[in-house]
Q: 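Here's a structure for you.
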Amino acid sequence: MKMSSDSVSEGKNATDKHGAIWHVVNMIPPGSVASYGQVADLAGLPGRARLVGKCLGNIPDGMQVAWHRVLRSNGYLAFPVNSEQALRQTALLQEENVAVFNNKVKMRDFQWEPDLYTLLYDLEK
DNA sequence: CGCATGACGAGCA
DNA sequence: CTGCTCGCCATGC
C-alpha cells in the first residue's frame, strides 16, 4: 500500500516521544538524579535535551512524573536560585537525601547509573 | 522567510 | 569559575 511521505512516516510522533521520556524519568530511583541529556539519550532521542525540558514543562494534569530528579548536566537546577520551582525541587530532592547546595547537586555523587538489566529490559518496556 | 527563545549540552578560550 | 559558539528543533512573530 502507498503511504504518503508527508505528515506520516517517521515512526515517532510527539506523543510517543513524550511517553518514552516520562517512562525514563520515572525510572530514576529515589536518591539519584539524571541530566536532561541523559534522559533524552535513554529515551532514544540523542541530542534532544531541550525536548525533555519541554515535556517536563507540559506534564498532563494528574500524571505523576519525578521531574525533580532531572537537572542540568553540570549539576545545576534548571531554575533560577530561590525561584518557586527551584525551592520546591530542592525540597523534594532533600527529602530523598540528595544534597543541594547553591542550587546545585554534585553529579559525581548522585547521578543515576542504570545497571545492565535496566538498560536491556526495563528501558525497553 | 529570517530571527529570537526555550526546565539543554559540549567544546573551547 | 565565566563567557562565547554552535548544535538541536518546535513555536511564535
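We use all heavy atoms of the structure for the numbers below, so side chains are in, but hydrogens, waters and symmetry mates are not. Per chain, numbering begins at 1; letters A, B, ... match sequence-line order. Predicted model, so just to flag it, every value in this text is computed and none were measured.
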Q: Are Y76(A) and V105(A) close enough that some pair of their side-chain heavy atoms sits under 4.5 Å apart?
A: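 With C-beta onward as the side chain, the pair stays apart.
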Q: Looking for any heavy atom pair under 4.0 Å, which part of the strands does G37(A) touch: base, sugar-phosphate only, or nothing?
A: sugar-phosphate
Q: Return the value, rounded to whole Å, for the distance between atom CG of L77(A) and atom P of dG9(B).
A: 12 Å
Q: Got L71(A) and M107(A) here, is their nearest side-chain heavy-atom distance under 4.5 Å?
A: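 Touching, per the 4.5 Å side-chain cut-off.
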Q: From CG of D41(A) over to C1' of dG7(C), roughly how many Å is that when rounded to an integer?
A: 14 Å
Q: Does some side-chain heavy atom of K104(A) sit less than 4.5 Å from a side-chain heavy atom of R72(A)?
A: no
Q: Given atom CG of N58(A) and atom P of dC8(B), what is their separation to the nearest angstrom?
A: 13 Å
Q: Expressed in angstrom and rounded to an integer, what is the separation of L71(A) atom CG from dA7(B) atom C1'?
A: 10 Å
Q: Give the rounded distance in Å between these two atoms: NZ of K54(A) and P of dT5(B).
A: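 Rounded to the whole Å, the gap is 15 Å.
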Q: Calculate the interatomic distance between K104(A) atom NZ and dA7(B) atom P; express it in whole Å.
A: 22 Å
Q: Do the non-hydrogen side-chain atoms of H68(A) and R88(A) ever get within less than 4.5 Å of each other?
A: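 No, side chains not in contact.
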Q: Using OP1 and OP2 only, check whether a side-chain N or O of S73(A) sits under 4.0 Å from dG9(B).
A: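 The answer is yes; a side-chain N or O of S73(A) sits under 4.0 Å from OP1 or OP2.
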Q: If you measure from the C1' atom in dA7(B) to the same atom in dC4(C), how many Å do you get, rounded?
A: 22 Å
Q: I21(A) CD1 to dA10(C) C1': how many Å, rounded?
A: 13 Å
Q: Is R50(A) close enough to dG6(B) that one of its side-chain N or O atoms is under 4.0 Å from OP1 or OP2 there?
A: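 The answer is no; no side-chain N or O of R50(A) sits under 4.0 Å from OP1 or OP2.
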Q: Y76(A) OH to dG3(C) P: how many Å, rounded?
A: 12 Å
